[in-house]
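Presented below is the structure to which this report refers.
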There are 2 protein chains.
Amino acid sequence: MESALDVLFTHIGQKIQLLESDKAALSDFFKLRALKRRQYLLQEGDLCKYLSFIIDGLLKSFTIDDKGNEHISLLAWEGWWISDFESFVKQTQAKLYIEAVEPTTVLMLSKDNYELLLEQFPIMERYFRILYQNSLTRKDSRLISSNTHSAEEKFKLFMETYPTLHQRVPQNLIASYLGLTAETVSRLKKKRFDQDS
Amino acid sequence: MESALDVLFTHIGQKIQLLESDKAALSDFFKLRALKRRQYLLQEGDLCKYLSFIIDGLLKSFTIDDKGNEHISLLAWEGWWISDFESFVKQTQAKLYIEAVEPTTVLMLSKDNYELLLEQFPIMERYFRILYQNSLTRKDSRLISSNTHSAEEKFKLFMETYPTLHQRVPQNLIASYLGLTAETVSRLKKKRFDQDS
DNA sequence: ACCGTTTCTTGTTCTGCATCAAGCTTAATC
DNA sequence: GATTAAGCTTGATGCAGAACAAGAAACGGT
């Protein structure tokens, strides 16, 4: 069976050319961790010490506002990275919580190892440059959608972009991800279904 | 006086170590362009062929919705890069307009030259990795603010983040950047001022 | 298989901000 | 420096989606 590191290297190999010798050397930089459902990977106020690559499972990152409401900033599953990126990069207090929605395994890369890895493997500069490049285009789209679309348009766009995700993620999390309430999404769903039939 | 390329290299030099020989070689990759007030650097439907580094002046990127309303996705001035990044990276049709708010000069890097430059100067992989890394943390913050804050909080945060920008940029552009109407921002400004005095 | 918790639905009320309108002020442009 | 356009203010009205409420359905853990 495929090891966690193989999953990671396959992923990296889709963006850059990775030598077998590199793989062996890179392995030591990562640490495997298993999370149970509802377990936290990070809590607000912590230092975000790791970039985490998701081998299997699904995580959410979110803030909690003054009224105690949760606002999801990211839903991430196998093949994606997650962190409180600002906290990780600047080594400041985290603003985000990261919590497992499903039982999850991740490969963690510490800040120190991240810097080392970039020093020692220039090809990884390229990998992360491409990774961030793609991430930026998605964030741009999301920001535009967030500022210009109605609730209905946001929901529709989400369902088109991630057509199968609603089978894995409770509707209230999708609502939160879109900056809507669970009630609103429930009504939008009903509306869509009524129209389709 | 300082040339446009010097401005760029100073900026790059803040993130990575750039050799004089590199500078000379890199110069050929960039093309200088001057824009008048209200002139477009990009229009919706175009291919975004360039990353543009702003030497002087100020630009806005925005979408126009079905009702003809403008939604600003970015305000950028000297020392920042601007593009329709998704269109640039994937070479798809641009969704954005980019227009000069002030008379502006930019150094433009074409997609081809971008790829060449990354091939030939591995140090530039590092530069762009760091650039994108920082850009991502800002986008994250903005996305969170957009989904969790009230109009008043967004406006307050904007004024704290860019305390002098309102002297350069008309209020209606700030409103659009924040996903608000000009009227709302006008009222918020009044409210702030009344409270402060 | 059961029980408790989480998630979803549906109705009602409320409110923050948009929209519409119109006069005023400031700033570009010739 | 006159003219025209751009930007700002203030008031009135409307509405999308939040908030509140409460029951129903689905799910997960033991």
Side-chain angles (χ1 to χ4, degrees), chain A residues 35-39 57-58 60 62 64-72 75 99-104 145-159 165-194, chain B residues 35-39 57-58 60 62 64-72 75 99-104 145-159 165-194:
Chain A
L35 293 161
K36 295 183 185 140
R37 212 170 104 80
R38 282 172 201 258
Q39 197 173 351
L58 195 150
K60 62 177 175 180
F62 59 98
I64 296 186
D65 69 21
D66 312 331
K67 292 172 205 146
N69 294 319
E70 185 176 308
H71 299 272
I72 293 182
L75 293 168
E99 187 187 337
V101 176
E102 301 173 356
T104 300
S145 175
S146 169
N147 275 342
T148 71
H149 293 154
S150 67
E152 190 167 0
E153 289 166 329
K154 285 184 209 176
F155 179 62
K156 183 163 169 283
L157 186 61
F158 179 89
M159 294 303 267
L165 197 57
H166 74 278
Q167 289 153 14
R168 274 179 89 171
V169 176
Q171 211 164 281
N172 59 348
L173 298 197
I174 293 173
S176 175
Y177 177 85
L178 295 173
L180 305 172
T181 60
E183 292 95 323
T184 295
V185 167
S186 175
R187 282 182 253 262
L188 290 173
K189 197 179 96 181
K190 191 187 176 195
K191 195 173 163 190
R192 280 204 99 193
F193 184 78
D194 288 354
Chain B
L35 293 162
K36 294 184 185 139
R37 213 171 105 78
R38 282 172 202 257
Q39 197 174 350
L58 195 150
K60 63 177 176 181
F62 59 97
I64 296 187
D65 69 20
D66 312 332
K67 292 170 205 145
N69 295 318
E70 185 177 308
H71 300 271
I72 293 182
L75 292 168
E99 186 188 337
V101 175
E102 300 173 357
T104 299
S145 175
S146 169
N147 274 343
T148 71
H149 292 154
S150 67
E152 190 168 0
E153 289 166 328
K154 285 183 210 177
F155 179 62
K156 184 163 170 282
L157 186 61
F158 179 89
M159 294 303 267
L165 197 56
H166 73 279
Q167 290 153 13
R168 274 179 88 171
V169 177
Q171 209 164 280
N172 59 349
L173 297 196
I174 294 174
S176 174
Y177 178 85
L178 294 173
L180 305 172
T181 60
E183 294 94 324
T184 296
V185 166
S186 175
R187 283 182 252 263
L188 289 173
K189 198 179 96 181
K190 191 188 176 198
K191 195 174 163 189
R192 281 203 99 193
F193 185 76
D194 289 353

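Both backbone and side-chain heavy atoms feed into the values below; hydrogens, waters and symmetry mates do not. Below, chains carry the letters A, B, ... as their sequence lines are ordered, and counting in each starts from 1.
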Completion exercise
Here the distance between atom P of D:dC27 and atom CD of A:Glu102, to the nearest Å, is 14 Å
Problem - Any B:Gln171 side-chain N or O less than 4.0 Å from OP1/OP2 of D:dT9 - result: yes
Handout entry: Integer-rounded Å distance: C:dA18 C1' and B:Lys154 NZ
Key = 13 Å
Practice task
Using a 4.0 Å heavy-atom cut-off across all strands, classify B:Thr181 as base, sugar-phosphate, or nothing.
Solution key: base
Fill in the blank from the handout: The salt bridge (Lys or Arg N to Asp or Glu O under 4.0 Å) partner of B:Glu102 among B:Arg38, B:Arg168, B:Arg37 is B:Arg168
Handout entry: B:Lys191 NZ to C:dG16 C1', straight-line distance once rounded to whole Å
Key = 10 Å
Practice task
Under 4.0 Å between any heavy atoms, over every strand shown, what does B:Arg187 touch: base, sugar-phosphate, or nothing? Just pick one.
Solution key: base
Handout entry: Distance, rounded to the nearest Å, where A:His149 contributes NE2 and D:dG17 contributes P
Key = 12 Å
Practice task
Take B:Ile174 and B:Lys189, measure what side chain to side chain contact (heavy atoms under 4.5 Å, CB included) needs, and give me the verdict at the end.
Solution key: CA-CA 12 Å; B:Ile174 294 174; B:Lys189 198 179 96 181; over 6 Å; no
Practice task
Could you say whether B:Ser186 or B:Arg38 is positioned toward the 5' end of DNA chain D, judged by the nucleotide with the nearest heavy atom to each?
Solution key: B:Arg38
Problem - Heavy-atom pair of closest approach, residues A:Ser146 and B:Ser146 - result: OG-OG, 2.7 Å
Fill in the blank from the handout: Whole-Å distance, A:Ile174 CD1 to C:dT6 P, equals 19 Å
Exercise for the section: Between D:dG17, D:dC8, C:dT7, spot the one nearest the side chain of A:Asn172, thanks. Expected result: C:dT7
Problem - Base of C:dC17 paired with side chain of B:Glu183 (donor-acceptor, under 3.5 Å) - result: no
Practice task
State whether B:Lys189 places a side-chain N or O below 4.0 Å from either non-bridging phosphate oxygen (OP1 or OP2) of D:dT9.
Solution key: yes
Handout entry: Heavy-atom closest contact (B:Lys154 atom, B:His149 atom, distance)
Key = CE-O, 3.2 Å
Problem - Integer-rounded Å distance: D:dG17 P and A:Asn69 CG - result: 18 Å
Exercise for the section: Apply side chain to side chain contact (heavy atoms under 4.5 Å, CB included) to the pair A:Leu165 and A:Phe158, showing each step before the final yes or no. Expected result: CA-CA 9 Å; A:Leu165 197 57; A:Phe158 179 89; 3.8 Å; yes
Exercise for the section: Send over the distance from A:Asn147 CG to D:dA16 C1', rounded to a whole Å. Expected result: 16 Å
Handout entry: Atom pair distance, as rounded to whole Å: NE2 in A:His166 and P in C:dC8
Key = 11 Å
Handout entry: Residue whose nearest DNA chain C nucleotide is more 5′ - B:Ala151 or B:Arg37
Key = B:Ala151
